[in-house]
Amino acid sequence: MLELFFLGSKLFMGIQTIVAVIMIVLSVLSAKAVLANQVHENSQRKINLIKEVGLFAFIIGLLASAMDLMGALQAIEMAGDISPSLLAAGLKISFITPTYGLMIYTLSLLIYFALRALANKATTE
């Protein structure tokens with residue numbers, strides 16, 4: 001798994017990891033407030049921010065993929081003719097960062113839905 005991290009764009013994978021850490025910190029802070037029944041407007045904003053931070057990680061992955069594909073297409077144009085297996089390997093690598101971002105976004109959505117349900121339950125009681 002670590003090999004995939006280093007195969008992807010190190011800069012963008014690093015940024016996505018930092019965004020994931022921020023998302024987890026926000027999740028812990030929001031969960032602490034929800035479990036202590038201290039749900040107010042600020043905690044609702046933090047819960048919404050979890051989803052937005054996860055989406056940001058996914059968009060960073062898409063940006064990295066687009067940049068990788070543009071670079072690969074430019075290299076293909078300059079080389080002229082390349083083998084299909086080389087093209088497939090390059091395409092496979094270009095999808096590492098959006099996949100990582102999508103995993104972060106999926107995790108953020110799961111946390112968002114769980115915390116939102118717990119917060120709604122706490123406010124109705």
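For the single chain, residues carry numbers from 1 onward in sequence order.
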From CA spacing to verdict: side-chain contact (heavy atoms from CB on, under 4.5 Å), Met23, Leu49: CA-CA 8 Å; Met23 187 260 310; Leu49 192 58; over 6 Å; no
Verdict with reasoning, Leu26 to Val53, per side-chain contact (heavy atoms from CB on, under 4.5 Å): CA-CA 9 Å; Leu26 282 170; Val53 168; 4.0 Å; yes
Before you tell me yes or no, could you show the steps for Leu63 and Phe12 under side-chain contact (heavy atoms from CB on, under 4.5 Å), namely the whole-Å CA-CA distance, both residues' side-chain angles and the distance that decides it to 0.1 Å? CA-CA 9 Å; Leu63 175 66; Phe12 288 106; 4.1 Å; yes
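By the 4.5 Å heavy-atom criterion applied to side chains, Ser43 and Ser30 are not counted as neighbours. Counting only heavy atoms from C-beta outward, the side chains of Tyr112 and Ile47 approach each other to under 4.5 Å.
Distance OG/Ser108 to CD1/Ile50: 8.0 Å, rounded to 0.5 Å. Here CD of Gln16 is found 6.0 Å from CE of Met13. Values are rounded to the nearest 0.5 Å.
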Less than 3.5 Å apart, which donor and acceptor atoms pair up between the side chains of residues 72-87 and the rest of the protein, not counting sequence neighbours?
from	atom 1	to	atom 2	distance (Å)
Ser83	OG	Ser85	OG	3.3
Ser83	OG	Leu86	N	3.3

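Between Lys51 and Tyr105 the shortest heavy-atom distance is O-CE1, 3.7 Å. In terms of heavy atoms, Ala119 sits closest to Val34 at N-CG1, 3.9 Å. Taking every heavy atom of both residues into account, Phe95 and Leu91 meet most closely at CD1-O, 3.0 Å. Closest approach of Ser65 to Thr97, counting heavy atoms only: N-OG1, 3.8 Å.
For residues 17-29, the set of pairs meeting the side chain to side chain donor-acceptor pair (under 3.5 Å) definition, not counting sequence neighbours, comprises Thr17-Tyr100.
The salt bridge (Lys or Arg N to Asp or Glu O under 4.0 Å) check on Glu41 picks up Arg45, with sequence neighbours excluded.
Val28 and Val25 are members of different hydrophobic clusters when ILVMFWY side chains are connected at heavy-atom separations under 4.5 Å. Linking ILVMFWY side-chain heavy atoms closer than 4.5 Å, directly or via other members, places Ile60 and Leu69 in two distinct hydrophobic clusters. When the side chains of ILVMFWY residues are joined at heavy-atom separations under 4.5 Å, either directly or via intervening members, Phe113 and Leu107 end up in a single hydrophobic cluster. Note: the hydrophobic cluster containing Ile104 also contains Leu62 (ILVMFWY, side chain heavy atoms under 4.5 Å, direct or indirect links). Linking ILVMFWY residues whenever their side-chain heavy atoms come closer than 4.5 Å, directly or via other members, leaves Met103 and Leu110 in distinct clusters.
Taking a 6.0 Å sphere around CZ of Phe56, one finds it holds 12 or fewer heavy atoms contributed by other residues, nucleotides or ligands.
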